[in-house]
Amino acid sequence: MPNLYYNPKMKKRVVIAVTLLLCLSAKAQQQEKVIVPKAVALAYAKQTRSEDGNPGEHYWQNTASYSIKATVDVKNKMLHGSERIAYFNNSPDTLKTLVIRLYQDFFKKGANRTSLVDVDARDLTDGVEIGRMLVDNKQLSADAAQKQVRRKGTLMYVQLDDKVLPHSKADIQIDWNFHIPEHTLVRMGTIDSTTLFLGQWYPQVAVYDDVNGWDIHSYNGLAEFYNEVADFDVEITVPQGFMVWATGEPVNIQEVIQAPYYAKYQQAATSDEVVHLITQQDLQQGNVTTNRHTWKYKASQVSDFAFGISDHYCWDVTSVEVDKLTKRRTVVGVAYNAASPHFDKVVDVARKTVRSLSEEMPGIPFPFPYMTVFNGDFGVEYPMITNVGADPSYEMTVYANSHEIAHTYFPFYVCTNETKNGWLDEGLTVFLPEKVQTQMATLDEGKRNTAAFSSYAGLEDEPAVITSTHYLDRRIYFYLNYAKTEVALRMLQTELGDALFKTCLIGFMERWKYKHPTPYDFFNTFNALSGQNLNWFWYVWYYQQGGIPDLAIDKVTRETGKVQVTVVNKGDFPLPVVLSFYSGDKVVKTITLPAHRWLEQHNKPITVSIDSKEDITSVTLGNEYIPDADRSNNKR
């Protein structure tokens, strides 16, 4: 999801804390280990996870395989589906209950919602209608009176007569339908009369993991998702003339589009050239699709499946070599309304983003063979497809699309829990594409997030970053998950240096690819791979509640050929000390000291001296990439 916290009106809500809540120096040094909850400590004891940040010797993870057939009734805005799920219990536990997610119960009358947008009353329904349901060929009644099935929030609890034993599987069959929202867009719904984007659309087995067992957090419209890694075989039937763009490989594309367009597709899939596969002229002439109305997609080792449909979208396609060693390519496509501003340029934005992510930061070859941008509304990521709305600003078009594509790495390559730890994936996906964003547009997210954090830090009721995301409200959600966490990552990069930071990040990603890490696995991996005890850093940036960043120049002493500067930390964060010495407008020297110097000094003032043959006329502290709530005391 894109960063939406930049709202000038929110400045009125900022309350600078009168009393500093925590003493940095004393408490930071008390932290001899990262604080972990009971469930994580138990995972260490069971050796499903290791205290060095690795998956444990006995790590396990459940998986699933979905075979789905869906029909979209565009005129009546209905989706009818039938699915068969092979659910593999790889855990050592016997499962007496299956937990199924019915996300569209979010639109049920009376549902508990903490939504990004208000739900239009016209979209309120009775929720997902369940028809036939079988588990291991035994039919179950969805009637609550039968007590076989219980629904609460967006969850359906299925009581089993025949338990799912360890290292066995369950066969689940469900028929269902629901009304596609027409007036409310919360990550999915009706874009225009004949354009729909479908996310959270199929009954999905919830995650059962080694830390918390079943994930039973109901979808509230704000916090995002935590899904099991699965394989998908999906057939989507649409009306004549409609295209379908979806997660995975379009296995029967040759059958559903006319031969000239398939030839263009083949060309684009093997070339750096951008192919305007479907243009406005093509749409006017018609005859793009065949009389085959069922599109088939397959995807393996992904945590979700989404799709978009339209009968009037253009389609630009190219491909990018993402792995120079194997010459592997990723097909990159953009499906869009020709009237959407800047979307004719998005294929170039997408291509450059995929290449940069593969080669620069994080520098891991793009993990999936397809990447489609669907011009919908809002901004949200799914495996191999994103839903991104149009924006009159080219800069925000670049930001939104590069950010959503970066989510490929978090939470789809590294399958983090967005529902509990949204800051982990959002902070990283704000951070990862910053270099390529600056290359493509006049964007500087590092500078912008620093300014935002400097301004907002110290909210009276600001929770710690480690707070579970599902507890947050809209007021704090974006600031905490995006701005503050991005700044924390850059401060960590500054502390470790670019090379060591990247080594730790890649190490974490390779350890946990297609697995479910917790924040503690992230912290412990960086500790282990850096060879440093960074618990002081984790404490102040992730565990500390609130706090204000504020370094200041206390005094400057000038003697012949020598200048001495004393810096004090008036705030609650150990920050790097950057001092620039000027002779007139010329920078004579810049000195940078790492943040851990405040720990060595027990938070006492830091003094820096330089010898200079030139007359030092002024000294400045910090820069636009180091947060500081009060810059009035940063120059002498």
Side-chain angles (χ1 to χ4, degrees), residues 1-12 115-118 120 181-197 199 245 274 276 278-280 283 308 310 312-316 318 332-354 356 371-382 385-407 426 429-430 433-449 451-452 455 474 477-479 481-483 486:
M1 185 192 299
N3 189 342
L4 301 179
Y5 70 86
Y6 298 109
N7 183 348
K9 293 180 181 178
M10 286 190 67
K11 290 187 178 180
K12 297 178 182 178
S115 180
L116 292 167
V117 298
D118 294 327
D120 191 298
E182 298 181 63
H183 311 283
T184 307
L185 285 162
V186 184
R187 302 188 174 97
M188 57 82 65
T190 304
I191 310 303
D192 61 46
S193 62
T194 57
T195 303
L196 308 173
F197 188 85
W245 296 271
V274 173
H276 302 292
I278 298 175
T279 66
Q280 281 185 285
L283 293 167
S310 183
H312 60 274
Y313 265 26
C314 299
W315 192 19
D316 295 340
T318 186
V332 176
V334 180
Y336 63 101
N337 189 326
S340 293
H342 309 301
F343 253 85
D344 58 332
K345 306 179 192 75
V346 169
V347 69
D348 188 56
V349 171
R351 174 176 58 181
K352 287 177 179 175
T353 301
V354 168
S356 177
M371 184 66 248
T372 296
V373 175
F374 188 84
N375 173 203
D377 190 89
F378 207 71
V380 63
E381 71 282 357
Y382 297 90
I385 189 169
T386 62
N387 170 18
V388 181
D391 194 288
S393 162
Y394 177 68
E395 283 70 25
M396 287 311 298
T397 299
V398 168
Y399 172 81
N401 283 283
S402 56
H403 174 86
E404 302 305 346
I405 291 170
H407 269 296
E426 295 296 356
T429 49
V430 173
E434 286 179 345
K435 181 178 179 181
V436 72
Q437 288 169 353
T438 302
Q439 293 168 348
M440 291 188 287
T442 56
L443 278 173
D444 194 329
E445 284 302 299
K447 187 184 295 184
R448 189 163 75 152
N449 282 299
S455 174
R474 283 184 288 186
Y477 179 91
F478 292 104
Y479 159 68
N481 283 351
Y482 296 75
E486 187 273 347

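Values reported hereafter were calculated over all heavy atoms of this structure, with side chains retained and with hydrogens, waters and symmetry mates removed.
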S.K.: Just by modelled atom types, is the Pro181 backbone N or O under 3.5 Å from a matching donor or acceptor in the Thr190 side chain?
M.R.: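 Side chain of Thr190 to backbone of Pro181, a donor-acceptor pair under 3.5 Å: yes, one is there.
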S.K.: Test your reading of the model: is there a side-chain donor-acceptor pair from Thr184 to the backbone of Asp120, 3.5 Å cut-off?
M.R.: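 Flag set: sc Thr184 to bb Asp120 pair under 3.5 Å.
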S.K.: Between the side chain of Asp344 and the main-chain N/O of Ala338, is any donor-acceptor distance below 3.5 Å?
M.R.: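 Between the backbone of Ala338 and the side chain of Asp344 there is no qualifying donor-acceptor contact (under 3.5 Å).
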S.K.: With sequence neighbours left out, what residues match Asn337 under side-chain hydrogen bond (donor to acceptor under 3.5 Å, both in side chains)?
M.R.: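 side-chain hydrogen bond (donor to acceptor under 3.5 Å, both in side chains) check on Asn337 returns nothing, list empty.
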S.K.: Any side-chain heavy atom of Phe378 within less than 4.5 Å of one from Leu116?
M.R.: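 Sidechains of Leu116 and Phe378: in contact.
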S.K.: Ile405 and Val373: side chain to side chain contact (heavy atoms under 4.5 Å, CB included), yes or no, with the steps?
M.R.: CA-CA 8 Å; Ile405 291 170; Val373 175; 4.2 Å; yes
S.K.: State the CD-OG1 distance between Glu445 and Thr438, to the nearest 0.5 angstrom.
M.R.: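 Separation between the atoms: 8.0 Å.
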S.K.: Hey, are the side chains of Val334 and Asn375 touching, using non-hydrogen atoms and a 4.5 Å cut-off?
M.R.: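 Not in contact.
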S.K.: Of all heavy-atom pairs between Val186 and Ser115, which one has the smallest distance, and what is that distance?
M.R.: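 The answer is CG2-OG, 3.6 Å.
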S.K.: Working note: Glu426 + His407, criterion side chain to side chain donor-acceptor pair (under 3.5 Å); need CA distance, chi angles, decisive distance, verdict.
M.R.: CA-CA 8 Å; Glu426 295 296 356; His407 269 296; 3.1 Å; yes
S.K.: I need the minimum non-hydrogen distance between Ala350 and Val332, along with the two atoms involved.
M.R.: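 Residues Ala350 and Val332, closest heavy atoms: CB-CG1, 3.5 Å.
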S.K.: Between the side chain of Tyr313 and the main-chain N/O of Thr195, is any donor-acceptor distance below 3.5 Å?
M.R.: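 Pair absent, no side-chain N/O of Tyr313 close to backbone of Thr195.
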S.K.: Which value, rounded to the nearest 0.5 Å, describes the distance between Glu486 atom CD and Arg448 atom CZ?
M.R.: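 The CZ atom of Arg448 is 10.5 Å from CD of Glu486, to the nearest 0.5 Å.
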S.K.: Let me confirm one number: the NE2-OH distance from His342 to Tyr336, rounded to the nearest 0.5 Å.
M.R.: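 Going from the NE2 atom of His342 to the OH atom of Tyr336 covers 13.5 Å.
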S.K.: Can you tell if the side chain of Asp192 reaches within under 4.5 Å of the side chain of His312, non-hydrogen atoms only?
M.R.: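 Result yes, sub-4.5 Å side-chain heavy-atom pair found.
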S.K.: Between Thr397 and Val346, is any pair of side-chain heavy atoms under 4.5 Å apart?
M.R.: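 Thr397 reaches Val346 side chain to side chain.
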S.K.: Starting from the C-alpha separation in whole Å, work towards a yes-or-no answer on side chain to side chain contact (heavy atoms under 4.5 Å, CB included) for Val430 and Tyr399.
M.R.: CA-CA 9 Å; Val430 173; Tyr399 172 81; 3.7 Å; yes
S.K.: Look only at the side chain of Ser402 and the backbone of Val398, and say whether a donor-acceptor pair between them is shorter than 3.5 Å.
M.R.: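 Here the side-chain-to-backbone pair exists.
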S.K.: Are side-chain heavy atoms of Asn387 and Met188 found at a separation under 4.5 Å?
M.R.: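 SC-SC contact between Asn387 and Met188 ruled out.
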S.K.: Give the minimum heavy-atom separation between Leu185 and Val117, together with the two atoms involved.
M.R.: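 What the structure gives for the nearest pair is O-CG2, 3.7 Å.
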S.K.: If you take all heavy atoms of Ala400 and Val388, which pair is closest and at what distance?
M.R.: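 Shortest heavy-atom contact: CB-CG1, 4.0 Å.
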S.K.: Considering only residues two or more places apart or on different chains, which pairs with a residue in residues 433-442 satisfy salt bridge (Lys or Arg N to Asp or Glu O under 4.0 Å)?
M.R.: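 Pairs touching residues 433-442 that pass the test: Glu360-Lys435.
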S.K.: How about Cys314 and His276: do any of their side-chain heavy atoms sit closer than 4.5 Å?
M.R.: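 Sidechains of His276 and Cys314: no contact.
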S.K.: Got a second to check how far Thr442's OG1 is from Gln437's CD, nearest 0.5 Å?
M.R.: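 Separation between the atoms: 11.5 Å.
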S.K.: Ring centroid separation for Tyr382 and Phe197, is it under 6.0 angstrom?
M.R.: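 Aromatic pair counts; centres sit under 6.0 Å.
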S.K.: On a heavy-atom basis, which atom in Glu395 and which in Leu443 lie closest, and how many Å separate them?
M.R.: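 Shortest heavy-atom separation between Glu395 and Leu443 comes out as O-CD1, 3.3 Å.
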S.K.: Show your working on side chain to side chain donor-acceptor pair (under 3.5 Å) between Glu381 and His403 and close with a plain yes or no.
M.R.: CA-CA 9 Å; Glu381 71 282 357; His403 174 86; 5.7 Å; no
S.K.: How long is the straight-line distance from CD of Glu404 back to CD1 of Ile385, given to the nearest 0.5 Å?
M.R.: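 Here the rounded value is 12.0 Å.
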S.K.: List the atom of Phe343, the atom of Gly389, and the distance in Å for their closest heavy-atom pair.
M.R.: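 Here Phe343 and Gly389 meet closest at CE1-O, 3.8 Å.
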S.K.: Parallel, tilted or perpendicular: which one describes the rings of Trp315 and Trp245, with boundaries at 30° and 60°?
M.R.: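 Plane angle over 60°, so perpendicular.
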S.K.: Are any of the side-chain heavy atoms of Lys352 and Met440 separated by less than 4.5 Å?
M.R.: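 Yes. Closest side-chain heavy atoms under 4.5 Å.
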